[in-house]
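Below: one structure, written as structure tokens.
Below, chains carry the letters A, B, ... as their sequence lines are ordered, and counting in each starts from 1. Keep in mind that what you see is a predicted model, and the values were worked out from it rather than measured.
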Amino acid sequence: MSNAPATTPLPPQYDPASTEATLYKEWLDAGIFTADPGHSRRTGGDREPFVIVMPPPNVTAVLHMGHGLNNTVQDVVIRWRRMCGDEALWVPGTDHAGIATQNVVEKQIAAEGKTRFDMGREAFVARTTEFVTETGGTILEQLKAIGSSCDWTRTAYTLSPELSKAVREAFVQLHERGLIYRGHRVIHWCSRCLTSLSDEEAEHSEETGALYHVRYPLTDGSASITIATTRPETMLADVAVAVHPDDERYKHLIGKTLSLPIANVEIPIIADAEGVDPEFGTGAVKITPAHDANDFEMGTRHELPMPVILSPEGLMANGIDAGARVPAELLGIDRFEARERVVQMLKHLNVLEKIEPYTHAVRHCYRCDTVVEPRLSDQWFVKMKPLAEPALQAVRDRKIRILPERWEAVYVNWLEGIRDWNISRQLWWGHRIPVWYCDSCGEVTVSRDDISSCPKCGGKARQDEDVLDTWFSSWLWPFSTLGWPNTESIDLKAFYPTDDLITAPEILFFWVARMIMGGFGFMGEAPFQTVMLTGTVRDMNHVKMSKSLGNGIDPLDVIKLFGTDALRYTVIAGLGMGADVMLDPNDLEKSFAPGRNFVTKLWNIGRFLLTNVGEETVQPLSTISPDRLRRSDRWILHRLNEAIAECDSALGPARPRNGVWEESELRSGLRLSEYTEAARRFVWNELADWYLESTKVRLAADGDDRDVARSVLAHCFDAALRLLQPIVPFITETLWSRLPVATENRGAFIAVAHWPAKNDGFATELEFELVREAINAVRQLRADYSLPPGERIHAHLDASASGSNASRDRTVFDEESDFIARITRCDISTNGGSSEAGASILLSSGSKIIVPLAGVIDLEKECKKAKTELEKLHTQLTALEGRLANPGFTDRAPANVVAAERQKLTEWTARREQLSQKVIQLCG
RNA sequence: GGGCGAGUAGCUCAGUUGGUUAGAGCGCCUGCCUUACACGCAGGAUGUCGGGGGUUCGAGUCCCUCCUCGCUCACCA
């Protein structure tokens with residue numbers, strides 16, 4: 001890209017389609033997104049590193065609005081830091097997504113009439129690998145389309161050889177530290193995916209079921225106990241009925257035996273204070289240790305047998321210890337069908353007392369939504385308590401902040417009650433557990449390297465069949481992507497710890513909390529200093545967008561229609577901190593209008609500038625002597641300073657000062673919608689609406705002043721483009737490359753240009769504010785009196801009441817008369833008579849704008865309007881006077897507040913005086 | 001059931017340690033094709049700040065209470 005001014009004028013319409021792909025390629029070719037570890041201060045360089053690791057999308061994922069939103073946020077932040085001079089690194093990558101990917105491939109082969117078991121493990125993994133290689137990573141290409149400025153030379157993949165090594169290292173280290181153990185207990189089992197799940201992967205959802213009351217008769221026939229259950233089919237695996245030891249209803253029955261209907265086995269009545277709430281149901285609990293986590297605990301306490309009556313597929317079966325509990329007619333029946341049948345059988349046996357409707361939370365597989373079955377099995381677990389401690393402490397000590405704040409409480413709450421993490425999955429797609437068993441001597445070996453023979457007896461070593469939870473690789477992401485476990489890795493030294501972690505709240509526990517634990521656990525340091533949780537994209541009914549619900553928006557459709565920048569601007573501008581973004585999938589035109597309109601506006605400002613400023617090089621503002629600046633120049637330069645300050649303040653400090661967030665900065669920054677609004681207001685409402693209009697007269701004339709206007713205009717637009725680059729990188733790059741400003745201080749791309757800095761030389765420009773006031777006044781008068789917009793009108797300035805400002809006011813209006821006349825079609829003379837009748841508006845300087853309007857004014861209407869206004873003012877003034885007369889207020893309120901009120905009193909009193917004169921004049 | 005949060009203009013949300021005419025964007029109404037832009041320009045309307053009570057000279061802001069939503073965790077069978 002060249003800095004030479006354009007030789008062809010800008011086309012009237014911005015065409016994103018023809019520019020975006022080319023531009024993106026130019027950025028890539030120039031390597032501006034590639035970070036250099038040598039530049040990082042941590043490795044002796046002179047730049048602060050600023051690092052974001054991308055939440056890796058599933059390798060099979062296709063871009064949706066959620067990705068669009070989340071990655072745009074990350075890109076805005078990283079582009080901002082890059083311009084600020086940080087060595088900015090955004091690490092992209094994908095997740096192999098164990099269960100999710102396996103499910104996709106299983107579906108494919110199911111269509112061919114096969115199962116993975118028909119294929120065998122090796123062939124299935126090969127097939128999945130092939131699938132992932134061919135179609136996977138599509139999403140990364142799509143992320144390029146939304147402008148993501150990732151360092152693609154560092155693209156990572158959780159199942160790559162490098163990251164697999166990290167996974168194995170992590171497992172072995174935890175094992176060495178005694179934090180990994182094999183447990184035999186009831187876990188969540190998905191009978192469709194045929195794997196165990198972690199607590200987080202088994203999601204609760206409220207369901208209306210039934211509470212079945214079943215009578216179990218005593219074996220001696222003397223009495224019976226009624227139990228309540230939501231899962232009657234599991235009664236076949238009951239091994240006892242527990243009651244509270246102090247429960248008077250049942251005390252005398254403890255120790256006796258019951259005859260379990262259908263299964264026809266004898267089970268004892270036991271007492272358990274911990275596991276039984278006498279208030280609930282009938283106060284008697286059936287104990288099914290193999291199919292309920294709570295019952296498993298009680299079963300363990302009382303050393304009860306644990307018969308299994310369900311197959312892994314969720315079919316009724318006589319498993320371990322079950323004997324012949326499941327009768328022949330139920331064998332092989334699905335658990336839900338079996339529930340119906342058991343209920344029927346209980347009815348026939350006349351032991352079903354009643355069925356109550358009952359709402360309770362049922363766990364579902366987060367991947368296939370199948371109802372999860374509690375199931376007794378052997379799994380590998382990570383002991384989480386020791387890992388959670390530093391993760392909790394880091395947030396309490398403000399080493400890590402979570403935005404928005406409310407999620408911190410959720411985070412703390414979860415970590416305080418953390419339970420051990422089941423990390424083994426009975427899947428084929430993933431990192432195989434690095435544990436080997438020796439069938440000869442029973443030795444269990446945990447190893448970094450594959451082994452084929454037992455290190456103890458030399459017998460054949462057999463690797464554990466299971467793979468690790470996909471999140472076991474994810475929680476290492478902030479350092480595994482930087483080279484860990486090679487602690488000498490230059491990337492690791494230069495870029496760890498990272499800075500911001502930007503993701504959706506759904507994976508706060510799955511991923512974010514575990515990454516923090518992993519960061520401390522393996523690196524001894526927090527993996528990042530800020531967690532920013534973005535909102536959710538929803539439709540107009542506040543329903544979360546999803547492909548399955550059909551209410552999604554394809555970001556690529558939006559890009560095709562309105563361009564990437566319009567998409568980015570719309571989502572960023574609409575995204576309050578942690579707030580959801582509502583978009584209408586049925587009306588893209590309306591949903592993305594803010595972005596499209598803004599981009600068009602920017603384009604047109606650029607067109608005006610390039611046409612009217614001309615193509616000869618503009619002198620840098622620094623070469624313009626301050627005394628050549630006019631009041632409008634000083635005004636816009638001051639507004640620019642304010643805009644820069646507002647953007648900086650909204651974006652906030654990039655990092656904590658000494659590794660710990662100070663209270664005052666803890667909740668500041670990353671308010672992207674505020675930053676966007678500040679930049680928008682400057683470029684649209686100030687630069688375009690006022691300053692640009694004011695330069696039209698100057699640019700049309702020849703002479704020195706034309707060069708001043710050109711310099712200021714170009715300077716301001718240049719700065720505006722820089723402020724906007726992170727949000728709308730493509731159009732700003734396109735326009736910036738054509739700006740005819742001197743080449744000094746410019747790199748090749750705005751994407752790596754310097755972030756604008758405040759220049760404190762420009763104080764508030766009061767004179768130009770006066771001009772704006774006058775213009776607004778004339779506009780209002782024209783609207784109030786319904787004067788045709790095209791009609792040329794005359795007015796005069798009455799400066800007689802403005803005291804010492806009178807001559808200044810007259811000078812200002814004389815000098816700005818061309819501009820005022822052009823913009824309002826109203827000529828203001830400064831030497832007219834002061835007593836002339838007409839509509840008037842008072843300016844803050846005390847001068848008055850008077851439009852002679854004899855004959856045009858509807859006196860009656862005006863009179864009424866003025867009277868209403870006067871009344872309102874009078875009421876407020878009375879209140880104000882009362883307040884100031886109240887010693888309670890004047891004595892206790894802060895002095896500055898009282899002073900402000902006094903000031904107001906003076907102003908209002910003057911205005912009331914003026915208004916009453918007006919009323920007299922109008923109403924007679 | 002535990003924890004947390006929210007209820008401010010038709011919609012989405014700002015409102016900093018209480019300070020007195022409550023703001024923005026979008027939408028809506030009116031008028032304008034003013035030679036960068038109708039994806040634009042100018043003007044305008046709109047709120048018992050969820051209800052009730054309290055503290056205070058003063059409450060959208062602090063306290064209590066009620067109502068309504070939302071998020072999150074959870075082995076009451």
Below 4.0 angstrom from OP1 or OP2 of [N], is there any side-chain N or O of [X]?
| X | N | answer |
| --- | --- | --- |
| A:K696 | B:A36 | yes |
| A:W684 | B:C41 | yes |
| A:N597 | B:G40 | yes |
| A:K904 | B:U21 | yes |

Taking atom [atom1] in both [N] and [M], what distance in whole Å separates the two?
| N | M | atom1 | result |
| --- | --- | --- | --- |
| B:C33 | B:C41 | P | 16 Å |
| B:U34 | B:U21 | P | 42 Å |
| B:G43 | B:G18 | P | 36 Å |
| B:C62 | B:U16 | P | 8 Å |
| B:G7 | B:G50 | C1' | 6 Å |

Regarding [X] and [Y], does a basic nitrogen lie under 4.0 Å from an acidic carboxylate oxygen?
| X | Y | answer |
| --- | --- | --- |
| A:K354 | A:E356 | yes |
| A:R514 | A:E200 | yes |
| A:E901 | A:R883 | yes |
| A:R912 | A:E881 | yes |
| A:E408 | A:R401 | no |
| A:R231 | A:E373 | yes |
| A:E686 | A:R680 | no |

What's the closest nucleotide to the A:R825 side chain, out of B:A42, B:U34, B:A36? B:U34

Please report, rounded to the nearest Å, how far the C1' atom of B:A36 is from the CG atom of A:L713. 11 Å

Rounding to an integer number of Å, can you tell me how far A:L415 CG sits from B:G3 P? 18 Å

Residue closer to the 5' end of RNA chain B, A:P594 versus A:D689 (nearest nucleotide): A:P594

Pairwise 5' ranking along RNA chain B for A:Q780 and A:E677, keeping only the more 5' one: A:E677

Side chains of A:Y212 and A:I227: closer than 4.5 Å at any heavy-atom pair? no

With heavy atoms under 4.0 Å as the rule, sort [X] into base, sugar-phosphate or nothing.
| X | value |
| --- | --- |
| A:R883 | base |
| A:R892 | base |
| A:L880 | nothing |
| A:R681 | nothing |

Looking at the base of B:A36, is there any donor atom on it, or on the side chain of A:E693, that sits under 3.5 Å from an acceptor on the other one? yes

Donor-acceptor pair under 3.5 Å: do we get one between A:K601's side chain and the base of B:C39? no

Going 5' to 3' through nucleotides 68-77 of chain B, assign each nucleotide B (protein heavy atom under 4.0 Å from a base atom), S (under 4.0 Å only from sugar-phosphate atoms) or - (no protein heavy atom that close). ---SSSBBBB

